[in-house]
Undergrad: 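Okay, here's the structure, questions in a sec.
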Amino acid sequence: MSEESNPSKSPMGPKGPSAAEAREQMLEAYPKKTLRKRSKQILVNETPGTPAEIGANSRTVPGIITQRGCSYAGCKGVVIGPIYDVLHITHGPIGCGWYSWLSRRNMNKIRKEGETNYLQYSMSTDMQEDQIVFGGEKKLELAIQEAYDEFKPKAISVYATCPVGLIGDDIHSVCKKMKEKLGINIFGFSCEGYKGVSQSAGHHIANNGVFKHMIGLDDTPVEHKYKINVLGEYNIGGDAWEIDRIFALCGIKIIGTLSGGVSYDDITNCHMADLNVVMCHRSINYMAEMMETKFGIPWFKVNFIGVEGTKKSLRKIAEYFGDKALVDKVEEVIAKEMSDVRPVLEDVSTRTTGKTAALFVGGSRAHHYQDLFNDMGMEVIAAGYEFAHRDDYEGRDVLPNIKVDADTRNIEDLKIDQDPERYNASHAERKKSLEESGFTFEDYEGMMRQMAKDTLVIDDISHHELEKLIELYKPDVIGSGVKDKYVIEKMGVPCKQLHSYDYGGPYAGFKGAINFYKEIDRMTSSKVWQLTRAPWQDEGDAPEAESVEAAVTA
Ligand code: CFM
């Protein structure tokens with residue numbers, strides 16, 4: 001995000017071949033058709049200011065080991081699942097419910113008396129052959145009834161898995177019938193795993209459902225001078241709590257964080273906010289746009305990963321409200337927090353400066369985490385998303401030029417109108433006058449603009465390409481996910497899981513940055529990586545006993 005990035009020199013040089021050469025080596029193993037497809041997804045970032053077009057959000061080549069998940073994962077697992085007092089029922093065979101049960105570290109705790117946390121349960125209709133053959137609607141109806149009798153929740157949401165779509169169960173009719181019968185909010189998501197090309201489709205389906213069934217249900221006014229929502233923050237490892245802490249110090253009220261550590265009531269009331277700030281653009285840009293169209297709430301992109309991003313985001317929010325007292329308060333908070341961050345960063349940087357990293361994560365973190373590595377003086381030599389779209393790579397200005405393919409067309413685009421009573425025209429006026437003075441809304445510059453010239457950008461990376469990258473450059477650390485963590489570590493490179501944070505976190509905000517600096521310093525300074533030997537490596541190459549001892553005691 002900072003202007004100091006994009007140094008003209010290539011960071012690849014001293015540690016390996018040029019990026020173009022590495023790209024060639026990654027591609028040369030592929031047969032013709034795969035080669036053509038992967039060529040569009042592996043780019044050398046030659047012109048960061050005007051990023052080249054990348055072949056993102058397209059189908060994975062069969063046979064390539066991808067890190068991607070499915071539509072159900074994006075809908076239930078990512079966007080809606082974290083709402084802790086909605087009772088979530090997976091309609092399908094037991095595996096989908098089981099494997100989406102607490103495997104993402106979206107933390108939560110009960111915040112008000114009388115609230116319940118259902119996330120400790122995994123609820124599923126556990127479809128059997130009988131339902132696959134004769135239909136599962138009856139079993140779903142019974143499951144909703146049973147869940148209601150047992151827990152009396154405020155709301156129940158139902159998620160369709162692949163077989164549900166294949167046999168044609170109408171989950172929406174069942175939900176409607178049970179909603180009328182039980183008098184609570186019950187709604188379903190047609191997020192069958194096969195929809196779209198990745199979990200990204202599930203995000204869109206989830207946004208549509210939350211908007212239709214939850215947003216705007218509670219018009220109770222919220223009395224506060226500065227009211228915002230944080231969209232696209234899921235409280236992995238407690239990130240949202242660190243963001244909450246900082247906003248509380250600044251005197252800004254968060255009505256709803258969508259959807260990390262959030263309750264049903266927060267979401268039904270969050271249209272009372274004056275502003276939406278968006279952390280993860282990929283998973284929730286739809287919601288930001290729909291809320292603006294219907295209620296007039298402006299939005300802009302923020303980033304609380306890395307201290308520079310955090311400072312910039314806080315200042316932009318203060319500027320939006322335009323109140324001198326808030327601007328001063330934000331500066332005071334930044335100064336105070338930075339006095340804790342600075343000594344850690346100064347110490348850590350003596351060891352991390354000049355080290356290299358590569359990041360392959362999801363749809364936003366491969367970008368956001370570059371800020372933290374930059375803070376530490378480290379160079380990101382290669383990065384890519386699993387399932388992001390062109391705008392996440394190249395910036396939102398390419399939106400009008402993105403071709404809508406058949407896979408995307410299958411996902412409903414809601415048509416939203418302005419709410420005749422609740423549209424807040426004064427927000428829109430404020431937005432207009434701020435824009436006249438150069439303030440930007442609905443902006444996202446994408447990942448490639450921030451990356452240095454001649455670094456590698458790789459969409460939906462395969463294991464072959466990742467192994468090649470390690471062979472050629474041996475980065476000091478790779479940020480990635482559990483599917484490739486142990487492959488990377490067996491090759492002698494430490495891997496930080498940037499989805500679940502392994503067991504660490506938070507990494508957001510100021511305290512999170514301190515955690516991250518220490519963690520990466522520990523990982524990249526450890527001598528243990530020099531000692532890793534895979535069994536297939538030539539015994540003659542094994543390190544001498546003395547050098548092992550020297551490494552351990554160094
Ligand atoms: Fe957004 Fe996320 Fe991400 Fe994402 Fe995800 Fe995630 Fe992610 Mo894993 S919502 S796109 S679908 S920031 S679960 S909290 S870490 S892949 S980069």
Side-chain angles (χ1 to χ4, degrees), residues 56-57 60 66-83 99-108 191 193 195-207 210 230-243 257-262 277-288 301-306 309 358-372 383-389 391-393 444 446-447 459-461 478-485 495-502 504-508 512 516:
N57 192 31
T60 298
T66 175
Q67 305 163 320
R68 284 175 170 177
C70 68
S71 180
Y72 165 81
C75 179
K76 193 259 187 182
V78 173
V79 179
I80 327 233
I83 308 168
Y99 285 105
S100 61
W101 182 28
L102 300 183
S103 48
R104 184 165 173 256
R105 291 181 68 231
N106 43 262
M107 328 261 292
N108 61 87
C191 54
K195 287 205 169 145
V197 300
S198 69
Q199 54 265 64
S200 171
H203 300 148
H204 197 167
I205 294 166
N207 278 237
V210 170
V230 182
L231 306 186
E233 167 48 56
Y234 302 94
N235 205 25
I236 310 297
D239 278 351
W241 292 334
E242 166 65 359
I243 296 170
T257 297
L258 270 67
S259 41
V262 76
V277 295
V278 172
M279 263 295 277
C280 169
H281 171 265
R282 180 66 270 133
S283 63
I284 213 153
N285 67 85
Y286 322 94
M287 178 66 69
K301 174 86 180 68
V302 290
N303 178 23
F304 293 105
I305 301 293
L359 304 173
F360 300 101
V361 211
S364 81
R365 293 187 172 178
H367 181 192
H368 285 168
Y369 276 78
Q370 297 197 19
D371 285 24
L372 276 171
Y385 298 119
E386 289 168 43
F387 52 77
H389 300 198
D391 39 324
D392 305 295
Y393 283 103
Y444 180 40
M447 182 174 86
D459 181 59
D460 188 21
I461 194 170
I478 294 181
S480 191
V482 72
K483 282 180 195 161
D484 31 38
K485 179 178 176 86
C495 175
K496 182 72 207 161
Q497 274 201 69
L498 287 182
H499 299 259
S500 67
Y501 301 163
D502 296 304
Y507 296 140
F516 195 78

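Both counts, for ligands and for their atoms, begin at 1 and track the order of listing.
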Undergrad: Can you sort out which atoms of ligand 1 are near Gly363, meaning under 4.0 Å from one of its heavy atoms?
TA: 3 (Fe), 10 (S), 17 (S)

Undergrad: Could you tell me whether Met279 approaches ligand 1 through its side chain, its backbone, both or neither, with non-hydrogen atoms closer than 4.0 Å?
TA: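 It is neither; nothing of Met279 touches ligand 1.
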
Undergrad: Quick one: are His367 and Tyr444 in side-chain contact, heavy atoms under 4.5 Å?
TA: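 His367 vs Tyr444: side chains touch.
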
Undergrad: Would you say the side chains of Asp392 and His281 form a donor-acceptor pair under 3.5 Å?
TA: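 Indeed, the side chains of Asp392 and His281 share at least one donor-acceptor pair under 3.5 Å.
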
Undergrad: For atom 14 (S) of ligand 1, which protein heavy atom lies nearest, and how many Å away is it?
TA: Arg104 NH2, 3.1 Å

Undergrad: Taking non-hydrogen atoms only, is Tyr385 closer than 4.0 angstrom to ligand 1 via side chain, backbone, both or neither?
TA: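 It is neither; nothing of Tyr385 touches ligand 1.
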
Undergrad: How many angstroms lie between atom CH2 of Trp241 and atom CD of Glu233, to the nearest 0.5 angstrom?
TA: 11.5 Å

Undergrad: What atoms of ligand 1 come within less than 4.0 Å of a heavy atom belonging to Cys280?
TA: 1 (Fe), 9 (S), 10 (S), 12 (S)

Undergrad: Run the numbers for me: atoms of ligand 1, each under 4.0 Å from some heavy atom of Val78, listed by number.
TA: 9 (S), 11 (S), 13 (S)

Undergrad: Give the atoms of ligand 1, by number and element, whose distance to some non-hydrogen atom of Arg365 is under 4.0 Å.
TA: 12 (S), 14 (S), 15 (S), 17 (S)

Undergrad: Kindly indicate whether a cation-pi arrangement holds for Arg105 with Tyr501, taking the cut-offs as under 6.0 Å to the six-membered ring centre and within 45° of the axis.
TA: no

Undergrad: Check Lys485, Arg104, Glu386, Lys483 against His499 for a side chain to side chain donor-acceptor pair (under 3.5 Å) and give me the one that passes.
TA: Glu386

Undergrad: So, taking the atom named OH in Tyr286 and the one named NE2 in His203, what distance separates them when rounded to the nearest 0.5 Å?
TA: 8.0 Å

Undergrad: Of all the non-hydrogen atoms in the protein, which one sits nearest to atom 9 (S) of ligand 1, and at what distance?
TA: Tyr234 CE1, 3.3 Å

Undergrad: For Ser364, take its heavy atoms, then give the atoms of ligand 1 lying under 4.0 Å from any of them.
TA: 1 (Fe), 3 (Fe), 10 (S), 12 (S), 17 (S)

Undergrad: Give a yes/no verdict on whether any heavy atom in His368 is under 4.0 Å from an atom of ligand 1.
TA: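 Contact check His368 vs ligand 1: negative.
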
Undergrad: Identify the residue among Gln67, Lys496, Gln497 that makes a side chain to side chain donor-acceptor pair (under 3.5 Å) with Ser480.
TA: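 The option that passes is Gln67.
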
Undergrad: Rounded to the nearest 0.5 Å, what separation is found between the CD1 atom of Ile284 and the CG atom of Leu258?
TA: 5.0 Å

Undergrad: Give the atoms of ligand 1, by number and element, whose distance to some non-hydrogen atom of His203 is under 4.0 Å.
TA: 11 (S)

Undergrad: Looking at ligand 1, does Gly74 have a heavy atom less than 4.0 Å from it?
TA: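 Gly74 does not count as a contact of ligand 1 under the 4.0 Å cut-off.
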
Undergrad: One residue to check: Ser283. Relative to ligand 1, which of side chain, backbone, both or neither has a non-hydrogen atom less than 4.0 Å away?
TA: side chain

Undergrad: For residues Tyr393 and Asp459, is any side-chain donor paired with an opposing acceptor at under 3.5 Å?
TA: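 Checked: Tyr393/Asp459 side chains pair up, N/O donor to acceptor below 3.5 Å.
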
Undergrad: Which atoms from ligand 1 have a heavy atom of His499 less than 4.0 Å away?
TA: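 So the atoms of ligand 1 that pass are 7 (Fe), 8 (Mo), 15 (S), 16 (S).
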
Undergrad: Please list, in number order, the atoms of ligand 1 under 4.0 Å from a heavy atom of Phe387.
TA: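 Near Phe387, the atoms of ligand 1 are 4 (Fe), 10 (S), 11 (S), 16 (S).
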
Undergrad: Measuring from Ser259:OG to Asn235:CG, what's the distance to the nearest 0.5 Å?
TA: 10.0 Å

Undergrad: Decide, counting backbone as well as side-chain atoms, whether His281 has an N, O or S atom less than 2.8 Å from atom 1 (Fe) of ligand 1.
TA: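 Given the 2.8 Å cut-off, His281 does not count as a ligand of atom 1 (Fe) of ligand 1.
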
